[in-house]
Amino acid sequence: MQTIENLNARYAIAHHLSFKESDGLIVAEIDNAHATASICLQGAHLMTWTPKGQQPVIWLSPAAKLAPGKSIRGGVPVCWPWFGPHPTQASFPGHGFARTVMWEVIGAKALKDGGTWLAFRLVPTDATRAQWPHPCELVLQVVVGNTLDMDLGTLNTGSESITIGDALHTYFEVSDLREVAIHGLDGAPYIDKVDNGAQKQQAGPVSIYQEVDRIYFNTGHDCVIEDPAWKRRIRIAKLGSRSTVVWNPWIEKANKMGDLGENGYLNMVCVESTNAADDVVTIAPQQEHHLWVRYSVEALS
Ligand code: TA6
């Protein structure tokens with residue numbers, strides 16, 4: 001079992017990385033030349049990333065609760081090994097168990113360019129094996145720099161193929177969602193989950209003025225969140241993901257959820273790099289699949 005003491009003894013890096021306790025959970029705190037960030041070992045859940053001199057790029061709810069076995073509202077929840085409800089077992093947790101179980105740190109280093117690299121591995125337990133009885137290894141690598149890079153790697157260590165769904169269910173911070181446009185999905189077919197799963201096609205950028213919960217398909221290219229009030233674009237580049245989920249609960253659902261904070265729904269939008277719905281991934285024995293993203297910020301004049 002990793003403790004704060006042995007994590008700091010083994011992995012702390014002066015001017016880069018230390019481990020702290022927060023509400024009973026262990027959090028890696030990164031503060032380097034480019035950015036600050038925090039990652040909770042439960043779920044390998046990146047909670048914050050703020051490039052120096054910028055508004056936060058990743059949104060963490062002001063009402064987020066850190067508690068053992070509970071998913072944190074905001075940040076980058078890791079959804080794995082399925083996305084959304086389990087296809088056959090209604091009692092299994094939505095979006096899989098990876099976001100609520102313990103991960104261990106397996107590496108950390110300071111990079112020559114001033115960034116910080118960390119790697120985490122999910123720690124399987126009897127409870128996870130009961131829900132996912134397939135031998136495999138899940139590793140999340142994170143590079144905190146002037147971009148935020150995340151690589152979720154699934155290695156099939158067994159002798160049979162496995163099929164997974166996964167997602168980096170990222171909450172991005174925006175000035176006011178009503179003023180924001182999401183580019184990169186024009187023409188993409190999507191399932192509209194707030195319209196009984198109706199199949200539709202996106203025309204132009206996505207603007208949000210009400211609850212939105214959509215799975216877009218054939219979306220391998222970049223998405224860009226354009227935020228004129230903060231004079232910035234957040235660019236989302238990805239590999240190993242052919243679907244994209246856009247989600248905001250809007251006011252009524254947000255109030256029922258209870259952990260989004262007052263008017264929090266206006267300051268966030270989830271643009272999730274996924275393998276969702278029919279866009280699942282089959283991994284042959286001894287092969288691996290990587291879901292990789294790079295988040296960056298561009299000035300908008
Ligand atoms: O990815 C969109 C979504 O699946 C929505 O349907 C909504 O429920 C959201 O994720 C949050 O899910 P959570 O389980 O974190 O409350």
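Any value given below was found using the heavy atoms of this structure, including those in side chains, with hydrogens, waters and symmetry copies removed. Along the sequence shown, residues are numbered consecutively beginning with 1. Whatever order the structure lists ligands and atoms in, that order sets their numbers, starting from 1.
Using a 4.0 Å cut-off between charged nitrogen and carboxylate oxygen, Arg294 and Asp151 do not count as a salt-bridge pair.
Under the 3.5 Å distance criterion, the side-chain polar atoms of His95 are matched with a main-chain donor or acceptor of Gly84. Judged purely by atom type and a 3.5 angstrom limit, Asn156 uses its side chain to pair as donor or acceptor with the backbone of Ile283.
Atom 10 (O) of ligand 1 has His169 NE2, 2.9 Å as its closest protein atom, hydrogens excluded (heavy atom only). Nearest to atom 3 (C) of ligand 1 among the protein's heavy atoms is His95 NE2, 3.7 Å. Here the protein heavy atom with the shortest distance to atom 11 (C) of ligand 1 is Trp247 CH2, 3.6 Å. In terms of protein heavy-atom proximity, atom 16 (O) of ligand 1 is closest to Arg73 NH2, 3.1 Å. Distance from atom 14 (O) of ligand 1 to its nearest protein heavy atom, with residue and atom name: Arg99 NH2, 2.9 Å.
Every atom of ligand 1 is numbered from 1 in the order shown, and the set under 4.0 Å from a heavy atom of Glu272 is 1 (O), 2 (C). Residue-ligand proximity, Val245 to ligand 1, at heavy-atom distances under 4.0 Å covers atoms 1 (O), 2 (C). Every atom of ligand 1 with a heavy atom of Asp213 under 4.0 Å away is listed here by number and element: 2 (C), 5 (C), 6 (O). Numbered from 1 in the order shown, with element, the atoms of ligand 1 that lie under 4.0 Å from a heavy atom of Phe83 read 1 (O).
Taken together through direct or relayed side-chain contacts under 4.5 Å among Ile, Leu, Val, Met, Phe, Trp and Tyr, Val78 and Met150 form part of one hydrophobic cluster.
Considering all non-hydrogen atoms of both residues, Trp247 and Met257 come closest at CH2-CE, 3.7 Å.
Remark: the Thr274 side chain and the Ser241 side chain contain no N/O donor-acceptor pair separated by less than 3.5 Å.
Annotation for His221: atom NE2 counts as buried by contact number, over 12 foreign heavy atoms lying within 6.0 Å.
Contact annotation: for Glu211 versus ligand 1, there are no heavy atoms closer than 4.0 Å.
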